[in-house]
Amino acid sequence: MIIERIWAANDYRNFHYLIACEETGEALAVDPLEWRKCLDAASARGLTVTQILNTHEHLDHTGGNAGLVGATGAKVLAHAGAAARIGGVDRGLAKGDVIRIGRTVELECLDTPGHTMAHVCLLAHGDSPALFCGDTLFNAGAGNCHHGGAPERLYETFVDQLARLPDTTRVFPGHEYLARNLAFTLDREPGNREAATMLERDGQRAPAEAVVTTLGEEKRINAFFRLQSPELIARLRERFPDLPERPDAKTVFVKLRELRNKW
Ligand SMILES: [Zn+2]
Ligand SMILES: [Zn+2]
């Protein structure tokens with residue numbers, strides 16, 4: 001499986017991806033807002049874009065569909081619940097659907113509500129698993145929920161789905177927010193040495209050279225996976241004095257999300 005990450009170099013800080021079959025050169029483009037950059041990247045590697053996948057309905061993920069379809073005739077795939085809002089969707093997706101690319105690539109569709117209620121992540125199984133997670137999970141962070149989402153549902157997606165994937169799973173999100181998110185984690189957990197080390201080592205990298213984290217790392221450096229951390233809970237209770245001494249994990253997650261909205 002070929003994974004080509006494309007830095008959009010726009011104000012939204014999008015990452016686009018080409019996922020391609022090494023044998024046939026067929027490629028699926030994930031959220032190709034800057035579609036010309038995706039087309040150039042495909043040409044440079046001898047790949048042919050035959051499918052477009054929108055992780056969700058927001059325009060910063062779907063705005064390149066028409067251009068890329070016009071240039072390639074690619075089929076558009078998206079969550080069945082988002083298809084009407086996106087328009088021009090050829091294949092509506094549901095949990096467990098398999099997306100095939102060429103002869104060698106199979107991706108599993110995960111139904112991952114929270115950022116919006118019709119959001120999919122793509123999971124590549126195998127020796128080197130990979131997760132294409134749109135605006136659900138970011139490096140060291142989580143998607144916001146104020147454009148059609150719900151933090152309680154995002155919590156369930158994190159705990160019931162993402163946290164159960166192999167620790168070796170590589171994380172390929174829809175935007176580059178690593179340094180800012182690590183700073184948020186460190187503001188919650190000043191004693192998180194791995195987050196501090198990563199911020200120092202990787203925080204100043206050019207976005208096109210951004211580090212690819214694994215889920216194992218995310219569980220250690222992402223506040224939204226660290227819902228049991230005593231330090232995080234103690235600092236959260238300073239901000240939200242009504243929180244009980246031992247808040248449940250969902251409450252911690254929702255309060256973290258609320259805090260991050262203003263932070
Ligand atoms: Zn979004
Ligand atoms: Zn986005």
Side-chain angles (χ1 to χ4, degrees), residues 3-19 28-38 41 52-68 76-89 92-93 95 109-123 130-158 161-162 170-182 184 207-208 210 212-213 218 222 224 253-254 256-258 260-263:
I3 299 173
E4 179 88 13
R5 186 180 66 188
I6 298 150
W7 166 241
N10 60 4
D11 290 345
Y12 301 117
R13 304 185 69 78
N14 289 96
F15 278 137
H16 309 318
Y17 301 94
L18 297 175
I19 309 170
L28 174 146
V30 181
D31 293 337
L33 176 64
E34 302 292 342
W35 63 272
R36 286 186 183 84
K37 288 194 168 92
C38 295
I52 295 167
L53 180 287
N54 294 140
T55 56
H56 64 292
E57 67 271 31
H58 287 159
L59 203 58
D60 61 311
H61 297 253
T62 62
N65 286 7
L68 195 52
V76 177
L77 289 67
H79 194 295
R85 270 167 287 167
I86 293 171
V89 172
L93 297 169
K95 172 186 167 65
C109 174
L110 308 182
D111 191 351
T112 51
H115 172 67
T116 73
M117 302 315 279
H119 190 300
V120 295
C121 293
L122 296 183
L123 177 64
L131 180 73
F132 301 87
C133 41
D135 289 0
T136 295
L137 167 66
F138 296 125
N139 300 122
N144 69 55
C145 302
H146 41 251
H147 298 288
E152 296 82 3
R153 298 303 301 278
L154 190 61
Y155 163 78
E156 288 161 9
T157 290
F158 264 61
Q161 298 193 67
L162 304 186
R170 292 166 293 161
V171 174
F172 295 104
H175 297 271
E176 198 294 302
Y177 300 143
L178 177 71
R180 180 91 177 130
N181 284 337
L182 283 172
F184 180 74
V212 175
T213 64
E218 291 296 329
N222 187 328
F224 292 90
F253 186 98
V254 170
L256 280 175
R257 192 51 263 176
E258 184 182 329
R260 183 67 177 85
N261 291 343
K262 295 171 286 184
W263 190 82

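What you see below is based on every heavy atom in this structure, not just the backbone, and it leaves out hydrogens, waters and symmetry mates. In each ligand, atom 1 is the first atom listed, and ligand 1 is the first ligand listed.
For Asp60, the N/O/S atom at the shortest distance from the Zn ion (ligand 2) is named OD2. Take the N/O/S atoms of His58: the one nearest the Zn ion (ligand 1) is ND1.
Between the side chains of Glu57 and Thr116, a donor-acceptor pair is found at a separation under 3.5 Å. With 3.5 Å as the limit, one finds no donor-acceptor pair spanning the side chains of Asp31 and Asn14.
For the side-chain hydrogen bond (donor to acceptor under 3.5 Å, both in side chains) test with His61, the passing option among His16, His175, His119 is His175; the others fail. Each of Ile6, Leu53, Ile52 was scored for a side chain to side chain contact (heavy atoms under 4.5 Å, CB included) with Pro32, with one residue passing: Ile52.
At a cut-off of 2.8 Å, Asp135 is counted among the residues with an N, O or S atom near the Zn ion (ligand 1). Distance check for His147 against the Zn ion (ligand 1): none of its N/O/S atoms falls below 2.8 Å. Residue His119: no N/O/S atom is found under 2.8 Å from the Zn ion (ligand 1). Between the Zn ion (ligand 1) and His61 there is no N/O/S contact shorter than 2.8 Å.
Rounded to 10°, the angle formed at the Zn ion (ligand 1) by NE2 of His56 and NE2 of His115 is 100°.
Tyr12 OH: 12 or fewer foreign heavy atoms inside a 6.0 Å radius. Around the CZ atom of Arg153, the shell of radius 6.0 Å holds no more than 12 heavy atoms that belong to other residues, nucleotides or ligands.
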